[in-house]
Structure formats: structure tokens, C-alpha cells
Amino acid sequence: LERVLQHYPALYSCYITYLPECSPIPGKWSCPTAFRVKEDSIITYDAEDRIPYAERDWFIGALKSGTDEGHWSTPYNDGTHADPVFTYAQKVYDSEDKLVGVAGADYTLVWTGQLLEDILPYDDAVCQLFSADGTLIVGSGEVAKSYDMIVFEKVLSPTDMRLVISIPKCHIREEIASIILITLAVLLSGVLILGFLLNHIRKEHDAFARVETANRVIEKEMQIAHDIQMGILKDEAEKRAAEGNGDIELQAHLLPMREV
């Protein structure tokens, strides 16, 4: 238990409360405890039956909780510390899964308040922890008028405590404005890129159209040349046949050019 406190500075004390029928002291309550006197000073002792464990909220809550679930108590004064504490307790079983007692760890509200300070998103925001009945357990400050704040609430499982964070609306408006500016910048960049791509596509299309037009002109000129070349041999053959000169027969085959 002493090593647990040394490893977790946030803990105020920790202990294991054994049921009388499972106690190292047969038939009596036993509660080995490690207690932080100062930051660098820890003492250990057995509280035995000096505390009415069966009446403690943390003890009763742990016994009522599920097998793998723990119980967070409401804040209380344990009589050994100036600041209120609250306890996280969980059932303890032996190697045969028999319930032997309850293990507990105590946290002070001072540490909890510091923790709330550390999670504040803005210096002028307020973080508060409420019990299930709405009682304020600890808070990092006072909340301004409700119409000046936006409130976020979260139930902390497995406890019934509520974490409430109040943030001035001006910060939310600034965040929204930043998000809008970023969104507009992204959209503008997208429009510029799209415009560049469309312009590039248009230029490519115009160049392709010019090439196609030039090709059609060339093909038309080649067709005219083809017809002229084919007509030369045909006219000469018809002329010789009309003159009746049959002593000499001349055969020829003309292949017109396809390209220059």
C-alpha cells in the first residue's frame, strides 16, 4: 500500500478493508492502511475496528456495485484531513473468487480542483463537479451570467457525478469564425484549382480541334490529288482505244500517293 501512494502522488490514502470472516485477525475487522501525512511522508497502520466500515458510503456502494465495477463516494470529512475527500472503492476477491473485502483509494478535493483547472480550455472558462443530487463538489471558479456562457455537461461513468464546463460565448464565436474562414479558404482554393483545370482542358480541346481541322483539310487535298492521278491513266487508255491502234497493248497500274 505504501508503494501505491509513492507511485500515485494524487492519492491521499489507500487501504483494504477485510470482512470479519476473512480478516487476518479472525472474527474482527481489519483495515491495513497507508496514509500520506506530508508530501514526502507516509505512514502505515491497521485501523482494525475503529471505523464503522459497514456504515460508510464507499463501503456500501462498493458491495452493491458489479463484479468489475467500482464505486465513487460523495465527498466527506474523514476526520484526518482538513479538506473533504472522496473515495473510489472496489470489491476484493481471493483466488477462489470469494469476496474478502473492499479496497479503497482517497482523493482530496484540492487535487480534484487542480485537475479541473488543468482541463480548462480557456483561462476564463469555469469547470465544476456536481454530485448526483446537484450539490457542488468542487469548482475552478464562479460562473458568470448564464447568457454569457455556453454550458457543456457530462455524466462521469461509473459515478453519478456531473462535470460541467462553462465557456464564454465570445470564445465559441471566435472558434466558429476561425472554422468559417478556414472553410472559405479551402473552398476558394478548390474553386481556383477547378478553374485552372477547366482552363487547361479548354486549351487542350482547342488544340485538338485545330489538329482535327488541319487533318480534314489535308485529307481533302489528298483525295483531290488521288482523283487527278487516277484520271490521267484512264484518259490516256481511252484515247488510244479510240484511235484504234491495236498493234501494241500496254498495261499499267498507278498507285496514287497517300502522303507528302
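On a predicted model such as this, the values are computed, not experimentally measured, just so you know. We use all heavy atoms of the structure for the numbers below, so side chains are in, but hydrogens, waters and symmetry mates are not.
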Query raised in the report: Looking at CG of L129 and CD1 of I165, how far apart are the two atoms once the value is rounded to the nearest 0.5 Å?
Result: 10.5 Å
Report task. Answer with yes or no whether the hydrophobic clustering places Y12 together with I51; edges join I, L, V, M, F, W, Y residues whose side-chain heavy atoms lie under 4.5 Å apart. Result -> yes
Query raised in the report: Does V85 belong to the same Ile/Leu/Val/Met/Phe/Trp/Tyr cluster as Y45, with side-chain heavy atoms less than 4.5 Å apart forming each link?
Result: yes
Requested in this report: Could you grab the distance from atom CD of E21 to atom CH2 of W29, nearest 0.5 Å is fine?
Outcome: 7.5 Å
Query raised in the report: side-chain contact (heavy atoms from CB on, under 4.5 Å) with V164: which residues, sequence neighbours excluded?
Result: F130, V151, E153, R162, S166
Query raised in the report: Is any side-chain heavy atom of L63 less than 4.5 Å from a side-chain heavy atom of V102?
Result: yes
Query - Pair L19-L99, side-chain contact (heavy atoms from CB on, under 4.5 Å): steps then yes or no - result: CA-CA 8 Å; L19 298 172; L99 178 66; 4.2 Å; yes
Query raised in the report: At their closest point, which heavy atom of L5 faces which heavy atom of R36, and how far apart are they?
Result: O-NH2, 2.7 Å
Requested in this report: Give, for atom OG of S30 and atom CD of E48, the distance between the pair rounded to the nearest 0.5 Å.
Outcome: 7.0 Å
Report task. Start with the C-alpha gap between Y15 and T87, add the side-chain angles, then the distance that decides, and say whether side-chain contact (heavy atoms from CB on, under 4.5 Å) holds. Result -> CA-CA 11 Å; Y15 38 84; T87 301; 3.3 Å; yes
Report summary line: Residues passing the side-chain contact (heavy atoms from CB on, under 4.5 Å) test with K28, sequence neighbours excluded, are I25
Report task. Using a cut-off of 6.0 Å, state whether more than 12 heavy atoms not belonging to F152 lie near its atom CZ. Result -> yes
Query raised in the report: If we only count heavy atoms from C-beta on, is the E212 to N215 side-chain gap below 4.5 Å?
Result: yes
Query raised in the report: What closest approach, in Å, do E2 and A34 show between heavy atoms, and which atom pair accounts for it?
Result: N-CB, 3.8 Å
Requested in this report: Spell out, as yes or no, whether a donor-acceptor pair under 3.5 Å connects the side chain of S65 to the backbone of A62.
Outcome: yes
Query raised in the report: What's the spacing between Y53 OH and I60 CD1 if we round to 0.5 Å?
Result: 14.5 Å
Query raised in the report: Would D106 and W58 satisfy side-chain contact (heavy atoms from CB on, under 4.5 Å), going step by step from the backbone distance to the final call?
Result: CA-CA 10 Å; D106 295 339; W58 56 267; 5.9 Å; no
Requested in this report: Answer whether the closest heavy-atom distance between the side chains of S73 and F59 falls below 4.5 Å.
Outcome: no
Requested in this report: Fit a plane to each ring of W72 and F86, take the angle between them on a 0 to 90° scale, and name the class: parallel (under 30°), tilted (30 to 60°) or perpendicular (over 60°).
Outcome: tilted
Report task. Evaluate the side-chain proximity of P32 to L1: yes if any heavy-atom separation is below 4.5 Å, no if none is. Result -> yes
Query - Heavy-atom side-chain contact between I42 and F35 under 4.5 Å - result: no
Query raised in the report: What pairs with S41 under side-chain contact (heavy atoms from CB on, under 4.5 Å), at least two apart in sequence or on another chain?
Result: V37, K38
